[in-house]
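What follows is a set of notes on a single structure, which appears directly below.
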Amino acid sequence: MKKGDDFISIHDLSTEEVHQLLDLAADLKQKQKAGIPHPYLQGKTLGMIFEKASTRTRVSFETGIYQLGGQGLFLSGRDLQIGRGEPIKDTARVLSRYVDGIMIRTFAHDTVLELAEYADVPVINALTDLLHPCQAMADMMTAIEYKGPDLKGKKLTFIGDGNNMAHSLMFACAKLGLHFAFAGPKGYEPNPQIIAQAEADAKLSGGTIEILNDPMTAAKNADIFYTDVYASMGQEGEYEERLQIFKGFQVNSQLLSVANADPIVMHCLPAHHEEEITDEVFEAQANVIFDEAENRLHMQKAIMATIM
């Protein structure tokens, strides 16, 4: 990746570019921990559009741009004319005259694509209903910290809904040569187009993509487990129904018993304890999960520093 590029999907990146971001994020984390200033974006401004509420995304991007020497402008859907019907393409062209980069967290993936098409500054996808690439990159950074610098050949098992997290993790694993196994109820598998794209990437890296409906089968010989809430933002009306459908798709000690030695468990948060993950497993893996949350800051700084 280079200055001026957009960060929309991990599928768009080469394996080398994924590694470059991981290396830079690790370097920025070391500098931040050591108190070494790194104002790579001195005087730069990031416009942060939020059509979906957030804790981690807002705080990590706002803190990150500040640590890089710039500033972030929080722009909710209520603050912008987007909420009153202004076309995305017009908002993109206006903001491009004021800011040096645009981050957006929204519902429809097409919104990000249109924003990127018409903006003259880099656009960062901070989450859509289809993809969550910033989180997945932070997850790979965390996996390296716990499992070593070479993840090639490791197995990551995702338990739950075939949602934006499953999609971006599938792309990340495919780029880095991991074996990705998904297990969720029938009818809740990942998007077929995403699966096909990830399989094409995996062929080049030596990874594999496996889509299953049995969590115990998916868990066998796993090195990394991952889960997410059963009902994502915008699906609150389906919560009770999903609670029944996803019974049995939980990360628990039984699942971990068939994994490789010393598996780690990750969760993008917020977590619903005793639903998608037991409280016992969550607390046993809390160091991993909160390191993972912290790594959003360092990874997003790497992305901003590279393209802004």
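Side-chain contact annotation: Thr208 with His179, donor-acceptor N/O pair under 3.5 Å present. There is a side-chain donor-acceptor pair under 3.5 Å between Glu294 and His298. For the residue pair Asp201 / Gln197, no side-chain donor-acceptor distance below 3.5 Å is found, with atom types taken as modelled. Asn213 and Glu189 form a side-chain donor-acceptor contact under 3.5 Å, judged by distance and modelled atom types alone. Side-chain contact of Ser60 with Gln300: a donor-acceptor pair under 3.5 Å is present, judged by distance alone.
No chain of hydrophobic side-chain contacts below 4.5 Å, direct or via other Ile, Leu, Val, Met, Phe, Trp or Tyr residues, connects Val94 to Leu46. Transitive grouping of hydrophobic side chains (ILVMFWY, heavy atoms separated by less than 4.5 Å) brings Phe171 and Leu169 into a common cluster. The hydrophobic cluster containing Met165 also contains Leu131, counting ILVMFWY residues as joined when their side-chain heavy atoms lie under 4.5 angstrom apart, directly or transitively. Residues Met308 and Leu13 are members of one and the same hydrophobic cluster, defined by side-chain heavy-atom contacts under 4.5 angstrom among Ile, Leu, Val, Met, Phe, Trp and Tyr. In the hydrophobic clustering of ILVMFWY residues, with side-chain heavy atoms under 4.5 Å counting as a link, Ile104 and Ile10 come out apart.
Salt bridge Lys220/Asp214: absent, no basic N to carboxylate O contact under 4.0 Å.
At least one donor-acceptor pair closer than 3.5 Å links the side chain of Asn164 to the backbone N or O of Thr128. When atom types are taken as modelled, the side chain of Ser96 and the backbone of Asp120 share a donor-acceptor pair closer than 3.5 angstrom. Formation of a donor-acceptor pair under 3.5 Å by the Thr157 side chain with backbone atoms of Ala218 is found in this model. Asp100 places a side-chain N or O within donor-acceptor distance of the main-chain N or O of Thr45, the cut-off being under 3.5 Å. In this structure a side-chain-to-backbone donor-acceptor pair under 3.5 Å is missing from Lys301 to Gln67. Asp5 places a side-chain N or O within 3.5 Å of a backbone atom of Lys2 that can act as its donor or acceptor partner. Between the side chain of Glu292 and the backbone N or O of His267, at least one donor-acceptor pair lies under 3.5 Å. With hydrogens and angles ignored, the 3.5 Å screen pairs a side-chain donor or acceptor of Glu274 with a backbone N or O of Asp279. Although no hydrogens or angles enter the test, the distance criterion places no donor-acceptor pair under 3.5 Å between the side chain of Gln285 and the main chain of Ile264. Under a 3.5 Å cut-off, the side chain of Asn125 and the backbone N or O of Phe7 do not form any donor-acceptor pair.
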Working note: Cys134 + Ile124, criterion side-chain contact (heavy atoms from CB on, under 4.5 Å); need CA distance, chi angles, decisive distance, verdict. CA-CA 9 Å; Cys134 291; Ile124 298 171; 3.9 Å; yes
Please assess Glu275 against Thr227 for the test side-chain contact (heavy atoms from CB on, under 4.5 Å), listing each intermediate value before the final yes or no. CA-CA 10 Å; Glu275 289 181 15; Thr227 191; over 6 Å; no
Between Val121 and Ile102, is the side-chain contact (heavy atoms from CB on, under 4.5 Å) condition met? List the steps. CA-CA 7 Å; Val121 296; Ile102 302 170; 3.8 Å; yes
Report the C-alpha distance between Met216 and Leu255 in whole Å, list the side-chain angles of each, state the deciding distance to 0.1 Å, and finish with yes or no for side-chain contact (heavy atoms from CB on, under 4.5 Å). CA-CA 6 Å; Met216 290 301 288; Leu255 213 61; 3.5 Å; yes
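For the residue pair Thr91 and Glu86, the shortest heavy atom distance occurs at OG1-OE1, 3.0 Å. Among all heavy-atom pairs drawn from Pro122 and Gly4, the shortest one is CG-CA, 3.9 Å. Looking at every heavy atom in both residues, Pro215 comes nearest to Gly248 through CG-O, 3.5 Å. In this structure, Ile224 and Ala143 approach most closely via the heavy-atom pair CD1-CB, 3.9 Å. The minimum heavy-atom distance linking Lys154 with Lys147 is given by the pair CE-O, 4.0 Å. Closest approach of Leu41 to Ile65, counting heavy atoms only: CD1-CD1, 3.7 Å.
For the atom pair CG (Asp23) and CE (Met141), the distance works out to 10.0 Å, reported to the nearest 0.5 Å. Interatomic distance, Thr15 OG1 to Lys175 NZ, rounded to the nearest 0.5 Å: 5.5 Å. Interatomic distance, Lys155 NZ to Cys173 SG, rounded to the nearest 0.5 Å: 11.5 Å. Distance check, rounded to the nearest 0.5 Å: NE2 of His272 to CD of Gln250 gives 13.5 Å. Distance check: Ser9 OG to Leu113 CG gives 9.5 Å after rounding to the nearest 0.5 Å. Distance CZ/Phe61 to CD1/Ile303: 6.0 Å, rounded to 0.5 Å.
Aromatic rings of Tyr188 and Phe249 (six-membered ring for Trp) have centroids beyond the 6.0 Å cut-off, not under it.
When the shell of 6.0 Å around OH of Tyr66 is examined, it contains 12 or fewer heavy atoms from other residues, nucleotides or ligands. In this structure, Glu238 places its CD atom where more than 12 heavy-atom neighbours from other residues, nucleotides or ligands lie under 6.0 Å away. With a 6.0 Å radius and a threshold of 12 heavy atoms from other residues, nucleotides or ligands, Glu283 has its CD atom above the threshold.
In this structure the side chain of Asp129 never reaches within 4.5 angstrom of the side chain of Asn163, judged on heavy atoms. A 4.5 Å side-chain heavy-atom check between His167 and Phe182 finds every atom pair outside the cut-off. Taking the side chain as every heavy atom from C-beta outward, Glu276 and Asp228 never approach each other to under 4.5 Å. Residues Thr106 and Leu115 are not in side-chain contact: their nearest non-hydrogen atoms beyond the backbone lie 4.5 Å or more apart. Looking at heavy atoms from C-beta onward, Ile8 lies in side-chain contact with Val112 at the 4.5 angstrom threshold. The closest side-chain heavy-atom distance from Leu28 to Tyr40 is below 4.5 Å. A 4.5 Å side-chain heavy-atom check between Met266 and Tyr146 finds every atom pair outside the cut-off. No side-chain heavy atom of Asp27 sits less than 4.5 Å from a side-chain heavy atom of His38.
Between His273 and Phe282, the ring planes are tilted. Angles from 30° to 60° get that label.
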